[in-house]
Structures are given as structure tokens and as C-alpha cells.
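In what follows, a structure is listed as C-alpha cells, so that the remarks can point back to it.
Both backbone and side-chain heavy atoms feed into the values below; hydrogens, waters and symmetry mates do not. Note that ligands are numbered from 1 as they come in the structure, with each ligand's atoms numbered from 1 the same way. FYI, the numbering just counts along the sequence from 1.
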Amino acid sequence: MKLILIGFMGSGKTTIGNILSKKLNMDIVDMDLEIEKKLNISINDIFNLYGEKYFRNKEVELLEKLLKKDNIIISTGGGIIETKEVINMLKEEKLVIWLNADIKTTVNRLKSELDNRPKLKYEKNLENTIKNLINNRYYKYKKASNIIIDVNNKNIDEVVSEILVYIDKNMLL
Ligand code: S3P
């Protein structure tokens, strides 16, 4: 089984992915970390030195490789769905989970976590930037995913158990 987590920055992909990896005894790859490791440079520096397009190409390349594996959880970067090719790739998968956080939840969570987030770090009006990005990406996440989990007003354990129930019910393990 492959389980792919998508969703906006701050939606909990990494934390939830790590917990699921232990509970389900599956490998996990955090795509941002993997790209940083491979290029030996931070996400911030990748954006600053080479630009977003370069980063998106690296994401596509890595995702293509990861989708060939099995028994893996893939925690994607929030902008993975910005590439059309990726949406088409994800549409072929059985378990693409969109952790859907609204603007308010996202702003609250991200306020203090902007350091390695070049899409937000340099913006003066954080709320507006987040709002525009979420609105722009909403249908892309929707298109790419087959399960939507509303993560607003829920703690990590609640989200994890919702995912586990879904997997169990649909006999995906
Ligand atoms: C991005 C999200 C980040 C990272 C990069 C771009 C985005 O990942 O890939 O900063 O465009 O939303 P997280 O969602 O893990 O923060």
C-alpha cells in the first residue's frame, strides 16, 4: 500500500505521516527533507538560489520515483499540486489524503513557523498571502485527492484515528 499525504503548509502532513508510519509499520519519506538532503541545501536556499520552478521540477522527479515503491507513506510539500503532471499522477493512486485546514487554522499554526517556508517568509501580509494561496490551490488538492480529512479543531490523534478507520473500513491494508 502507498499512502500519500497532501495539504497546505501547516496542515500536519509531516507529524501525521510519522505517526502513521509507526502505527502501520510503513516507511515514510518526507519529500521536503529528502530534497534538502539530496541537494544538501535548505528549501529556502533552493528557492532563493534556483527559484520555485527548479524546486517544482525536483518535486516531480522525486514523486515519480517514490510512486514506484510500495509500503510507503509519502509526505508531500504543500505546493506539490502546483504541477499539472503531479495531479495526473496522484489521480491514479488509491490513497491520497488531503489534510484540509481552513485559512484561520492555517494562519494560527504558521505564524511562528515561517523560517524554512519561502512562499510565506518574505510576505508582509501573511493572512492575505495564505488566503490567496489556499483559494488558488483548493481545487487542485480536491482533484488530486480521494479522501478529504477536515483537520480544523481536531488534534493530531483524532486525525490519525480518522485515517486509520478509513483504511480499515475500506480494507486498504
Ligand atoms: C511549499 C510548502 C513547503 C515546501 C516549500 C513550498 C508550498 O512544504 O515544499 O516551502 O508551496 O506550499 P510544507 O507544506 O511541508 O511546509
R56 bridged to E82 by N-O distance under 4.0 Å: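 Salt bridge flag = no for E82 with R56.
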Salt-bridge criterion met for K38 and E34 (N-O under 4.0 Å):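 Result for this pair is no, no salt bridge flagged.
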Exercise answer: donor-acceptor pairs, residues 95-105 side-chain atoms, under 3.5 Å, sequence neighbours excluded:
residue, atom, partner, partner atom, Å
D102, OD1, K104, N, 3.3
D102, OD1, T105, N, 2.9
D102, OD1, T105, OG1, 2.8
T105, OG1, N152, OD1, 2.7

With sequence neighbours excluded, tell me which residues meet salt bridge (Lys or Arg N to Asp or Glu O under 4.0 Å) with E113. R117
Walk me through whether T76 and L5 qualify under side chain to side chain contact (heavy atoms under 4.5 Å, CB included). CA-CA 6 Å; T76 60; L5 293 168; 5.6 Å; no
For ligand 1, the residues whose heavy atoms come within less than 4.0 Å (ordered by chain, then number):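 For ligand 1, the residues that come within the 4.0 Å heavy-atom cutoff are M9, K13, D32, I43, F47, F55, R56, G77, G78, G79, R117, P118, K119, R137.
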Sequence-distant partners of F8, ring-ring contact (aromatic ring centres under 6.0 Å, His included), two or more places apart: none
